[in-house]
Amino acid sequence: MFLFLMATNGLSSEFLGIPVLELLSICINVALLLVFLLVISARQFNTCIGRMSLIKNDSSPSSVPIHRGLDYELGNEIVVGIWYKVTVLSCFYVLLVEVVLLGFDGVGVIREASQGNVACWVLICWPATQTLAWLVMCLMILHCKYRPSEKLPLLLRIWWFASFVISLCNLYFDGRALLVEGSEYLSSHVVGNFAANPALGFLCFLAIRGSSGIQIIWNSDLQEPLLEEEAGCLRVTSYSGASLFSLATISWLNSLLALGAKRPLELKDIPLLAPRDRSKANYKILNLNWEKLKSETPSKQPSLAWAILKSFWREAACNAIFAGLTTTVSYVGPYMISYFVDYLGGIKTFPHEGYLLAGIFFSAKLVETFATRQWYIGVDILGMHVRSALTAMVYRKGLKLSNSARQSHTSGEIVNYMAVDVQRVGDYSWYLHDIWMLPMQIILALAILYKNVGIASLATLAATIVSIIVTVPIARMQEEYQDKLMTAKDERMRSTSECLKNMRILKLHAWEDKYRDKLQGMRDVEFRWLRKALYSQACITFMFWGSPIFVAVITFATCILLGGELTAGSVLSALATFRILQEPLRNFPDLVSMMAQTKVSLDRLTTFLLEDEIPGDATTVLPRGTTDTAIEIKDGEFCWDPSSMRPTLSGIEMKVEKGMLVAVCGIVGAGKSSFLSCILGEIPKTCGEVKLCGSAAYVSQSAWIQSGTIEDNILFGSPMDKPKYKSVINSCALKKDLELLSHGDQTIIGDRGINLSGGQKQRVQLARALYQDADIYLLDDPFSAVDAQTASFLYKEFILTALASKTVIFVTHQVEFLPAADLILVLREGHIVQAGKYDDLLQSGTDFNALVFAHHEAIESMDIAHHTSEDSDEGSSPQNDFDDIDHESSICKGSLVMEVQASMSASDLKAIKEKKKAKRARKKQLVQDEERERGKVSMKVYFSYMAAAYKGMLIPLIILAQTSFQVLQIASSWWMAWANPQTEGDTPKASSVTLLLVYMALAFGSSWFVFVRALLVATFGLAAAQKLFIKMLLCIFRAPISFFDSTPAGRILNRVSVDQSVVDLDIPFRLGGFASTTIQLLGIVGVMMKVTWQVLLLVVPMAIICLWLQKYYMASSRELVRIVSIQKSPVIHLFGESIAGAATIRGFGQEKRFMKKNLYLLDCFARPFFCSISAIEWLCLRMELLSTFVFAFCMVLLVSFPQGTIDPSMAGLAVTYGLNLNARLSRWILSFCKLENKIISIERINQYSEIPSEAPPVIENCRPLAAWPEIGTVELIDLKVRYKENLPLVLHDLTCTFPGGKKIGIVGRTGSGKSTMIQSLFRMVEPVAGRIIIDNMDISTIGLHDLRSRLSIIPQDPSLFEGTIRGNLDPLEEHSDMEIWQALDKSQLGAIIRLRGEQLDSPVLENGENWSVGQRQLVSLGRALLKQARILVLDEATASVDTATDNLIQKIIRSEFRDCTVITIAHRIPTVMDSDFVLVLSDGRVAEYDSPARLMDNKSSMFSMLVGEYTSRSSGIS
């Protein structure tokens, strides 16, 4: 309106013979034409890149065709309405009018020139631009039909609207002039405007309406999912097929933001990435270039950076064009300021120069706005591509790492490569163009400065070079700090990962405080490097804020000394140039720091990617059926450590025919597991040959179970075959277990199979192997974790029946399974010392005889059964009358169940299944989807963070320091503009010395306050980060074990790694940056309002629109960021899980499937990430457009005021600051949005800082005596236990007493509740009802540390921690070396450790991988021998050792713990035969409880049946 009111005085006049309104029309048309061309260029680049990607992937059968043009019409009906036809007609009508006008004016100009007069060619500028513009508009409206669109392009609508407004203004002035001057005023332009105005009015109406008049009727029958695994979302992102204008304005994102404004977004709402943006495409091209570089330069280390550049140079080049355009147009404003100040000072070159200058300023800012957004979004996409490709390469490498390389890279380190290093390399895309843009910006700045200060610009160059050279030592310092920081973070993450995996062991032994302190110590080391990095960054910030000031002072001082004359215009132009130059110089420390960080990360990634892999030629795999020899090893020698002089296996000669059953036995540490590894090709081969015929399946000794359903674990990527699946379930004795589980085979298994018993995990492993239908089966001690009955069943049904036609090699310590083997191999110290059939080996004596003798000894311990009267029932206990028919039937090969099912009709079975399915659906799984908040981030999160350090006392000081900086900066600029003369020849208001001294004081004072602010922000951030970490760490370690059962380790690692890094390095600077930008924005608006208060009329509505846009954007953005955070966890979890089970994955040949799953998870992460970064640019574009129009309004006001009403220097100052308005406004909104997005990390850390804690470790007023427990009596009274509130009871009314000092044996089928009862004793699971009393003290009344530290346990799954043998036996450092050696000798490990040069300092790798499972179990025994607790629990403690070692261990336990209460869970019946009492559990209930003799007297007792099963299985051995 203000512009329209000024028209009477200004717009009706002429400029260079052209009416101002026509000049304005020319400017608008040229600006919109530039936007149009910019969008076309962007689209052409995208199309070019897409085509080149398609050419490379053309051979792929899975490539998705890209439909263009009329292909949209295939299968869909296009209806062209009357509105569209009238629209086209109107456009061509206006075009015709403009062509006639151009012809008329052109003929007139030519006639003038032919008559010898001076032709004014400027007169045809307006009709020429109008004709060109309307030609483009006609093509755009036709394009709406060619590429069907129901909505008109936004650019076209703006163009029509602007054309109609100008036409109306012209109509007003022309009409008024006609009334005054009559027909003399008539001209071709007046007639043309009157003729075109009705059509323009109609088009303006259509622009407001928005509809194109074309209707697309979609055929839903033809819509098919693009990816089967992503059926939740069937749409590919609109970005891949967006129109030119949609790409320029990022309006292709509108539909998703509109949905996010209505309700919280979910992953299924987010469209799929275009094929060229997916992880697979990017991984392929980067991996191809990396392999090429490795092959081209085998003698030297290839450059990962060069491989990345070769792979993604097209995206980088496209970004470079937009970056260069942005940089170039950003200098237009500083260049023109001196002309603008001169104009306001009364120096006018031509009429209406001010409006032309305003138009130039406006056009430059408009182009800068669009180019910047395209640059930024391109940079984000480039970073996304690099991250996806590198992550996939790191994952693939992790699957193929050799054993020696695996020892030098723990799973925690590999997760860090992916979570931190890959992220950093991807983020470098933001700094990629700064390397060449900095010289370009300096050259442009010098050119402008030369115009303003002459030869003094050379001083500017010298000062700039000095500023840059100073950064060299800073770069070195930054690289060192970053290297040390990353090393410390690696160490912490490695130990954190280890603690999470072994949290159950830590809690059982009451070691969690010790290991938490260890992690805290590692964090303290990391924190020291973090503190150095942040404080050095504060110094760098001061230096580089001071650099532009230093450059300005040198420049102005040189100019004055050389006698140059400064004017307000030249000073303001120079200051605006310095302000733009300040940005790259200020970003230079970030560039140097980022280059240092990226170099460190690239070096780490390169080192990892060049590590040795499992050799592909370790084994020769022949196709199935080519030979009758299944496995053949000739003169094999293998060694885990290539540098070791002593091979792990040597002299291996073996030939196994197809269908043979081969058993491998030997004492603990003989090399049995290594023998299977050499067949798989896992162990490095030093010489010899290994041949396999057909496919292989591998079952490891330590069960590896994936997170997911039981069904997924069994299928393991194979398609479902129901009959085969049921047969596998029956053969692996899983049927009853699945019936007991509330969700059956759809039960989600927790991290590392945490919610399954050891036996269940082993049988799931066996089922997985059986379902694969391989030719060769390699089973590593498959029966160690299951009870005797189940082991017998599995041997008969699994090995002898299901695998009857297969080649089977199985390692076992159970001699009773050996007679049926076709070949038995006896190993000792890595050699096959005996080989043959059972009877042949018995006659040959030596090692095999020793194993059989130990088994005989164990069997003889059960002779008590033969000395009791068959008919006697006199001493039988009441429990003997208990007869669990259901259990009995289930252990008899399921025959009764099969008979019952056979008698039932199919309909009855179906009804039962449906009922069970419905019941399962009502119950929740143990493992739930990761939780996330919804809606706006609570202000409590902000306040909790701000109060975390010094109770928020530093926040006001930070704001004060920033405010002081801004005030002093404005004051320094104002001083230079005011004190210098307005024009050449005027008298300056201050002397040169005073001018410089005051400017230096103000400028350097402002940079000093920046230093103070940087120090305060670093201090605040460090204190807050440390406090939050300590609180989270304490809460995690104090969490109940159920939390770790139901929470995958990847989720926790994501918080202590990624989220903690954000809190350490990002959030404090985001908070400080938001405060800084807010104050800067207020300063800019204040300066502009001081000169032209009318700007307030636009600033207020603009602020309201900005806040509305920000609210609209944040509704979607915060949910997208939350989804991004959640989708990161599965990627990390799969990393850790796959690396732990790499041997199994390779054993099954499933590397490709897991690689595909990793790529799929990366795409699930990239989808919300892509939308999130696009949403940021969507908001920034609209913010900057608003501020650009405000700036243009301010410029028009300044040139419209009468001369002398405002001070030209102050007006110039307003323009100088106004040039930064759009950047500051968008940065203000952006900094707030990014702060809120980053603050979600605080929200996520707070979630894990509020985990419900288990019972307190110590209750001061109820602490047991130092000698408690003295007797060791344990009473269980009506004990009821369930793992979770919504899960069924596992123990039902358990009541029994274990007398002190007695030996109690606990037996029962796998899953009967044995381990649960032990967990209740240690209060790992709190009972729902009932009590446990130890020596007359209810254990629920004392602290957990007091309880667990007085009990001792040798758990079912042996776990070792990375470190030394000494540290694993005595982590609390309570015992002397002599006591440790005694414990090792008693646990049969002393001799083995003495052979190692390091003795007690012998290294233990992650998860104890350099020790066999049996040796790990013996270390656990050593821990118990050291602790000497009054109550000892053995949970399958000898499952992984041979019978001879088991017998020896039992003797040691009988002698060393003779006065202790020993509670033994065992699957080997001889282990519990010498117990004083035996407790038989069935389905969580006490089935029988009495002495072994009494139970054996009752032939119908379950225990008697178990013993009978065991002895009958061993009856073949005489």
Side-chain angles (χ1 to χ4, degrees), residues 230 232-233 235-240 242 250-274 277-279 373 376-381 383-385 387-388 423 426-427 929-938 941 1051 1054-1055 1058-1059 1062 1066-1067 1070 1108-1132 1160-1183 1226 1229-1244 1247:
E230 298 181 81
C233 181
R235 297 175 295 108
V236 175
T237 176
S238 305
Y239 175 76
S240 60
I250 321 177
S251 53
W252 54 267
L253 198 64
N254 288 350
S255 58
L256 184 67
L257 295 177
L259 181 63
K262 293 175 183 176
R263 62 171 175 81
L265 293 174
E266 303 290 344
L267 181 62
K268 64 183 180 182
D269 300 322
I270 300 169
L272 309 178
L273 294 173
D277 292 324
R278 292 178 192 167
S279 304
R373 302 280 63 86
Y376 285 0
I377 201 168
V379 161
D380 279 320
I381 292 172
M384 181 180 74
H385 288 174
R387 279 190 294 270
S388 296
Q423 180 73 27
D427 289 345
D929 290 336
E930 187 169 0
E931 70 283 354
R932 71 176 171 104
E933 303 290 337
R934 283 173 167 77
K936 187 177 180 181
V937 176
S938 171
V941 178
R1051 291 185 192 172
N1054 199 6
R1055 281 168 169 83
V1058 178
D1059 289 315
V1062 170
D1066 233 0
I1067 291 181
R1070 294 285 180 198
W1108 180 85
L1109 280 172
Q1110 184 266 339
K1111 184 179 179 182
Y1112 180 79
Y1113 155 82
M1114 281 308 300
S1116 299
S1117 177
R1118 71 171 68 94
E1119 300 307 322
L1120 286 169
V1121 172
R1122 284 168 175 154
I1123 294 171
V1124 167
S1125 298
I1126 287 173
Q1127 291 303 316
K1128 189 83 172 176
S1129 297
V1131 178
I1132 295 175
Y1160 167 69
L1161 290 176
L1162 286 174
D1163 284 339
C1164 285
F1165 168 76
R1167 283 161 56 195
F1169 173 80
F1170 174 64
C1171 292
S1172 177
I1173 54 111
S1174 300
I1176 292 172
E1177 304 308 328
W1178 179 94
L1179 178 68
C1180 286
L1181 176 66
R1182 281 144 184 82
M1183 296 292 106
S1226 65
I1229 293 292
L1230 189 60
S1231 63
F1232 175 71
C1233 295
K1234 284 194 172 182
L1235 174 63
E1236 181 157 346
N1237 289 343
K1238 294 293 182 182
I1239 212 78
I1240 288 171
S1241 290
I1242 302 285
E1243 185 181 72
R1244 286 162 56 79
Q1247 286 175 349

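Residues take their numbers from the sequence shown, with the count starting at 1.
Here the closest non-hydrogen pair linking Asn254 and Tyr1112 is O-OH, 4.2 Å. The two residues Cys1171 and Ile270 have their closest heavy-atom pair at SG-CG2, 3.7 Å.
Proximity of a side-chain donor or acceptor of Arg1182 to a complementary backbone N or O of Trp1178 within less than 3.5 Å is detected. A donor-acceptor pair is defined here as one N or O able to donate and one able to accept, closer than 3.5 Å; no such pair exists between the side chain of Ser1172 and the backbone of Pro1168. Between the side chain of Asp269 and the backbone N or O of Glu266, at least one donor-acceptor pair lies under 3.5 Å. No side-chain donor-acceptor contact under 3.5 Å links Arg373 to the backbone of Cys1180.
Remark: Ser388 engages no residue in a side chain to side chain donor-acceptor pair (under 3.5 Å) (not counting sequence neighbours). Residues forming a side chain to side chain donor-acceptor pair (under 3.5 Å) with Ser1116 (at least two apart in sequence, or on another chain): none.
For the atom pair OH (Tyr1113) and CG (Leu257), the distance works out to 9.0 Å, reported to the nearest 0.5 Å. A distance of 6.0 Å separates CG of Asp277 from CZ of Phe1170, quoted to the nearest 0.5 Å. Once rounded to the nearest 0.5 Å, the distance linking OH of Tyr376 with OG of Ser1174 reads 15.5 Å. Note that the CG atom of Leu253 and the CD1 atom of Ile1176 stand 11.0 Å from one another [nearest 0.5 Å]. Atom OG in Ser279 sits 11.0 Å away from atom CZ in Arg387 (nearest 0.5 Å). Note that CE of Met384 is 11.0 Å distant from CG of Leu1162, once rounded to the nearest 0.5 Å.
The shortest side-chain heavy-atom distance between Leu1179 and Met1114 does not fall under the 4.5 Å cut-off. For the pair Glu1177/Asp380, a side-chain contact is recorded, criterion being any heavy-atom separation below 4.5 Å from C-beta on.
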Note to self: Assess the residue pair Phe1165 and Leu1161 against the criterion (side chain to side chain contact (heavy atoms under 4.5 Å, CB included)); give the C-alpha distance rounded to whole Å, side-chain angles, the decisive distance to 0.1 Å, and a yes or no.
What the structure shows: CA-CA 6 Å; Phe1165 168 76; Leu1161 290 176; over 6 Å; no
Checklist line | Stepwise side chain to side chain contact (heavy atoms under 4.5 Å, CB included) check, Glu1243 with Ile1239 | finding: CA-CA 6 Å; Glu1243 185 181 72; Ile1239 212 78; 5.9 Å; no
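With hydrogens and angles left out, the side-chain atoms of Gln1127 and Arg1167 include no donor and acceptor closer than 3.5 Å.
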